[in-house]
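The figures that follow rest on heavy atoms only: side chains count, while hydrogens, waters and symmetry mates do not. On a predicted model such as this, the values are computed, not experimentally measured, just so you know. The chains referred to below are lettered A, B, ... by the order of the sequence lines, with proteins before strands, and numbering in each begins at 1.
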2 protein chains.
Amino acid sequence: MTPRLFVQAGLATGTVLPLPADQGHYLRTVLRLSAGAELALFNGRDGEWRATITAAGRAGVEVTPVCRTQEQAAGPDIWLLFAPLKRSPIDFVAQKVTELGADVLWPVITRHTAVRRVNLRRLRSNTVEAAEQSGRLTVPEVREPTALADVLGQWPDGRVLFFCDEPGAGGPARPAFAAAAGRPAGLLVGPEGGFARDELDAVGNRADVCRVSLGPRILRADTAALAALACWQALAGSWTDAPWAPKT
Amino acid sequence: MTPRLFVQAGLATGTVLPLPADQGHYLRTVLRLSAGAELALFNGRDGEWRATITAAGRAGVEVTPVCRTQEQAAGPDIWLLFAPLKRSPIDFVAQKVTELGADVLWPVITRHTAVRRVNLRRLRSNTVEAAEQSGRLTVPEVREPTALADVLGQWPDGRVLFFCDEPGAGGPARPAFAAAAGRPAGLLVGPEGGFARDELDAVGNRADVCRVSLGPRILRADTAALAALACWQALAGSWTDAPWAPKT
């Protein structure tokens, strides 16, 4: 497998890019690559590039883009909002929802949220790694934890917000997701304790909020986040498009 | 939260059930419950019962069903077949697909399967715990690891087998799953290395096999298992039913 790295710099033929120390270490020490080896680069703006290592020494590793192998393309526009979780489940959610194509990861503090501290640096690092491995051309934006009322207060016009509810509380997900195909959307998955009565009342009258049920069983919050996103992709998002054939 | 336990014994009003040592320890020592405390019991056959602890001492814990709170009901008929994974991902798959309603978990050995030993005892224990927590009335059956050719050789008539493929290799999941709504089905998720050419050739001609693509990105095997099952439930399984309202 050719290594695939996310970089911040612009990508253009022949530019020499010095890599940050951790990426240099990964290529030179972990993968034991040296000058001349090939890799793939993406930065979220310029598509995917084939590149070669042009210097690999103690002073650092430099790579040089050779040619673009894939154009940057816009995917479905989907945000995932979730009450923060403990370390292992939140790592898992960050990794999995990146693979499943979330554009934004937004920790939301609700009344019953037990975990209020979020290691954003760790969350971002998990999303970068998952984006590199999954063939995505972007890395999801990870936002600062925000109180639910503030999320609702700044919610953009035209974006539907699906409240993924306790079993039986909302309508079935299938028709709700399918009806919103092609629209920007957000999926909000509550904490283990569910939403508080007044939190649900506060959204009850909003035209841009839709309560959906994720089936008849009680799902852990991390399972719910993944299940909601996978279903949204199948019904309204990128799984409905012609399959994308990866370059080999 | 009332504790909820899966038991092997038949459930009927007034029967005294001695619990196995681990369940007794859990109630008496971990939860610190004593005689008179309430719990819920299910056994996969007799629905869910409210029960009370009728003895809790060093000699063991006994419980007695009081009344049935939920009838046993048949759900959608869905098997999950997956190439064995390392310990942490396989624990995760067992837990999550139990929450998402799989009836059978079947480890399948394919050409590119890297992990060939499966701790079935651990897998079963994970499914029991997830069934207890998710409100299911059954525990999935965990089968012995089986070679792919043998799985195909004994595949039952009338059950569709979805081969969940590399990006772009199969048709989109949505119409394929929706077309099989109401039919017994199996979802086969391959190993990280994908299926071998001759494995795909061997199923190419079978009427009961359908290759589907799980979107445009490269998913880890554990992500793929969850995503496939969540989508199947939304499109063909229990998420399409009227939501089930849990008794409180």
Does R174(B) reach the side chain of L235(A), with side-chain heavy atoms less than 4.5 Å apart?
yes
Selection residues 183-202 of chain B - residue pairs positive for ring-ring contact (aromatic ring centres under 6.0 Å, His included), sequence neighbours left out:
F163(B)-F195(B)
Taking a cut-off of under 4.5 angstrom between non-hydrogen atoms, the residues of residues 179-187 of chain A near chain B are none
R220(B) side, atom CZ; K96(A) side, atom NZ - distance, nearest 0.5 Å
5.5 Å
What option among T223(A), L226(A), D222(A), L229(A) has the most heavy-atom pairs under 4.5 Å with chain B?
T223(A)
Treating R217(B) as the side-chain partner and E99(A) as the backbone partner, does any N or O pair qualify as donor plus acceptor under 3.5 Å?
yes
Is chain B contacted by the side chain of Q95(A), its backbone, both, or neither, given a heavy-atom distance below 4.5 Å?
side chain
Report yes if some heavy atom in the side chain of Q233(B) is under 4.5 Å from a heavy atom in the side chain of L214(A); otherwise report no.
no
F177(A), part contacting chain B, at a heavy-atom distance under 4.5 Å
neither
More than 12 heavy atoms of other residues, nucleotides or ligands under 6.0 Å from CZ of F6(B): yes or no?
yes
Distance-minimising heavy-atom pair for L100(B) and A227(A):
CD2-CB, 4.0 Å
Shortest non-hydrogen contact between C231(B) and A230(A), atoms and distance
SG-O, 3.3 Å
